[in-house]
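What follows is a set of notes on a single structure, which appears directly below.
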There are 2 protein chains.
Amino acid sequence: MHVRIEHTITLCYQQAGTLNLRELSKQLKLSQTTVSRALNGYPEVNEATRKRVTEAAEKYQYRPNVRAQTLATGKSKSVGHVIPLSKQSELVNMVFSDFMAGAGLVYAEHGYTMTLSIVRDDDELDAYSAFAERGAVDGVIVQGPTCDDPRIARLLRLNIPFVVHGRASGIETPYAWLDVNNHRAIKAATQSLIDLGHRRIGLINGREQMDFALRRRAGYEAALADAGIPADPALTRSGDMSEPNGYTAACEVLAYQNPPTAFVASSIVIALGVKRAIEEHGLTIGKDVSVICFDDDISYLPNAGRTPQFTAMRSSVHAAGARCATLLLERIKTPGAPPSSELWEAEFVQGASTGPGPHA
Amino acid sequence: MHVRIEHTITLCYQQAGTLNLRELSKQLKLSQTTVSRALNGYPEVNEATRKRVTEAAEKYQYRPNVRAQTLATGKSKSVGHVIPLSKQSELVNMVFSDFMAGAGLVYAEHGYTMTLSIVRDDDELDAYSAFAERGAVDGVIVQGPTCDDPRIARLLRLNIPFVVHGRASGIETPYAWLDVNNHRAIKAATQSLIDLGHRRIGLINGREQMDFALRRRAGYEAALADAGIPADPALTRSGDMSEPNGYTAACEVLAYQNPPTAFVASSIVIALGVKRAIEEHGLTIGKDVSVICFDDDISYLPNAGRTPQFTAMRSSVHAAGARCATLLLERIKTPGAPPSSELWEAEFVQGASTGPGPHA
DNA sequence: TTGAAAGCGATACCAG
DNA sequence: CTGGTATCGCTTTCAA
């Protein structure tokens, strides 16, 4: 096994392809201006000239220097994402990665790059400032907002284009966001359990500093209220989006004197823990206890979570990333425009199966 | 599903705190040169002046423009990572993300940023070229090399600093890499099964275009050879690092007339599938069939993979990312230096328990 | 120890 | 349609 390195007649004086606009224009006996215009597709340039220029550019392997371009244009053609270390764990990752993959593709299509800042949690705010103040990026994305998220206030003050994936209740100033209708999704999920006859329904939620978690709780409570069922605080827990947390939370709730006959889980990893808790209590899912989950249907979980619903969620996160990127690029290109926002409905929740009701 | 779009009006003033070096130096009645030198810690500047400068910079919230800085210095102070979409799935993600988190922190500590290019698989090579030719980054990282990886040949030709996580057998020209000793780890794992008395041992490997997979197979075969056990091709499979692939591969092997009494799995996700296959065949892990896995001990897997070993693997990937980043920054700073490489031993494999031997 | 001036490599305005 | 020239904001010789 060996490598064949291909040599062609390309002689390298300096670094290969390191000629710049001036040298190229000298070769062509044209001004830098004209060459630049020809390459950038300006309409006023003669088509014959343009052809000559593009061919020469190709022949000499001319590559415009991005550093010079960004200085001259005042735009870095890049978008910043800040990732605090603590979010860099567990399945949350998947959501993060899928979102970024969706966004990254859109950036690439528009000639933008993605600049990542991975920081310790304490440095998160400063990372946004660094991005903005030094002109390192043209815009930024905010993921996973909390209630009253300080990042949003900061970014508004910095006056840099940004789009939030999610919303932060408590912030009055308008800003661009894209969110899924958490309230409605969880209300519908809870409602479907109520329709099966359940009246004692547990909620294992994410950390309720997170805005989405608050909205999910509100949806859960709204469904109970509509059905005239009093909310019992003993049946609800909030904590990390992790399997262990789902487990311990569900155990606590199941240990209650009057345990629930059904659970609403705020994520697939939480549902995994809930499932383990239920099984360890000698109960059977879909018979003794029903579980419904925002991301997915727990009944498929043994198969490593590769269910159609899970795939749907992942691709919808991917789509959200792409859409946020598009919104951001629009904002970058038309700085004056009022922020536009979108609320998506979580269609994939609809088909989740929960097993029979409590009296089946 | 419908979308609600909200419109509001925002007023934009000038960016706050956008004064530049010239204005700052004017305020100070000093030259730009001196101010620049003072801020960048050059020794020749008077300490009194420096103090005056830094205080003014603080007062006026001066932030040097990175775009100008990179043009003037010729360094972008950023490192490129290219992520092809196909690798953006499943648990591979975790390895990717952990690695990048480790690297990203190191970059941040050294004032570098990380530039990501998420591309469709076909565009991967060009993404590296784009990074290098246009001076967008000072160096790049290569993850998951295949045998004879074309990216490495390309990067060598582009003459840009880079570090490979893993190695590509077949490439003669020296380059910097950091790898884990796959051969030795899998050989030890196989050996431990042999020590338990197994003589028919299956191997469910990753895709054998990947260099690490080739090395793992070699390690497996070496252990068999040492024990005088003939290798039976019917007992080995290679494919995606995924649960479904582990499942189908294990099923095929188990359907063999003379099925194995033990498996070596090349990753934790594959092991998950192998486990499912074994259970569906009515066999018991650790009793009828032993399984050992590169990343982890399968006996813990029901608990969503959150085992000490798994954590150890994740943190070792994190460390690898950090180390690669460090190696790369060194290469960037001393361009002439010969490439240095590191081979790490996979210590965490040693303690994996596999259950009793075949005759227990 | 400080400053004037020449880059860095593009873009973009204003003439012609 | 094409060209001269200022500009972007900082770094870095070279002189003083």
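Just so it is clear, the structure is predicted and the values come from calculations on it, not from any experiment. Convention: sequence-line order gives letters A, B, ...; per-chain numbering from 1.
Looking at A/Thr33, its side chain comes within 3.5 Å of the base of C/dA12 through a donor and an acceptor atom.
Listed candidates were C/dT11, D/dT12, D/dC8. Nearest to the side chain of B/Ser36 is D/dT12. When each of C/dT2, D/dG3, C/dA10 is scored by its nearest atom to the side-chain atoms of A/Gln32, the top-ranked nucleotide is C/dA10. Of all nucleotides listed (C/dG9, D/dT2, C/dG3), D/dT2 comes nearest to the side chain of A/Thr49. Comparing C/dG9, C/dT11, D/dT11 against the side chain of A/Leu21 picks out C/dT11 as the nearest. Of the listed nucleotides (D/dC8, D/dG3, D/dC10), D/dC8 has the atom at the smallest distance from the side chain of A/Ala72.
The aromatic rings of A/Phe162 and A/Tyr175 lie parallel to each other, with less than 30° between the two planes, well short of the 60° mark.
Contact annotation: A/Arg63 does not reach the phosphate of C/dG9 (side-chain N/O to OP1 or OP2, under 4.0 Å). Phosphate contact (OP1/OP2 of C/dG3, side-chain N/O of B/Thr34, threshold under 4.0 Å): present. The side chain of B/Tyr62 places no N or O atom within less than 4.0 Å of a non-bridging phosphate oxygen (OP1 or OP2) of D/dG9. Residue B/Asn40 places at least one side-chain N or O closer than 4.0 Å to OP1 or OP2 of D/dT11.
For the pair B/Pro43 and B/Ala68, nearest-nucleotide mapping onto DNA chain C gives the more 5' position to B/Pro43. Between B/Pro64 and B/Arg37, the residue anchored closer to the 5' end of DNA chain D is B/Pro64, taking for each the nucleotide with the nearest heavy atom.
Nucleotide D/dT7 holds its C1' atom 12 Å from the CG atom of B/Leu71, rounded to whole Å. For A/Lys77 and D/dC8, the NZ to P distance is 21 Å, given to the nearest whole Å. If you measure from atom NZ of A/Lys26 to atom P of C/dG9, you get 12 Å, rounded to the nearest angstrom. Distance CD (A/Gln69) to C1' (C/dA10): 7 Å, rounded to an integer number of Å. As a whole-Å value, the separation of A/Tyr42 OH from C/dC13 C1' is 11 Å. Atom CZ of A/Arg67 is separated from atom P of D/dT11 by 14 Å (rounded to the nearest Å). To the nearest angstrom, P of D/dT12 lies 14 Å from CG of B/Leu39. Put simply, CG on A/Asn46 is 11 Å from P on D/dG3, counting in whole angstrom units.
Using a 4.0 Å cut-off between charged nitrogen and carboxylate oxygen, A/Asp149 and A/Arg151 count as a salt-bridge pair.
Within 6.0 Å of CD in B/Glu44 there are more than 12 heavy atoms belonging to other residues, nucleotides or ligands. In the displayed structure, A/Lys333 atom NZ is contacted under 6.0 Å by more than 12 heavy atoms of other residues, nucleotides or ligands.
Here A/Thr70 lies out of heavy-atom contact (under 4.0 Å) with every strand. Contact annotation for A/Glu44: base contact, defined as any heavy-atom pair under 4.0 Å involving a base atom.
Side-chain contact, A/Asp138 with A/Ser76: a donor N or O sits under 3.5 Å from an acceptor N or O.
For the ring pair (Phe, Tyr, Trp, His ring centres under 6.0 Å) with A/His81, the lone residue among A/Phe131, A/Tyr107, A/Tyr112 that qualifies is A/Tyr107.
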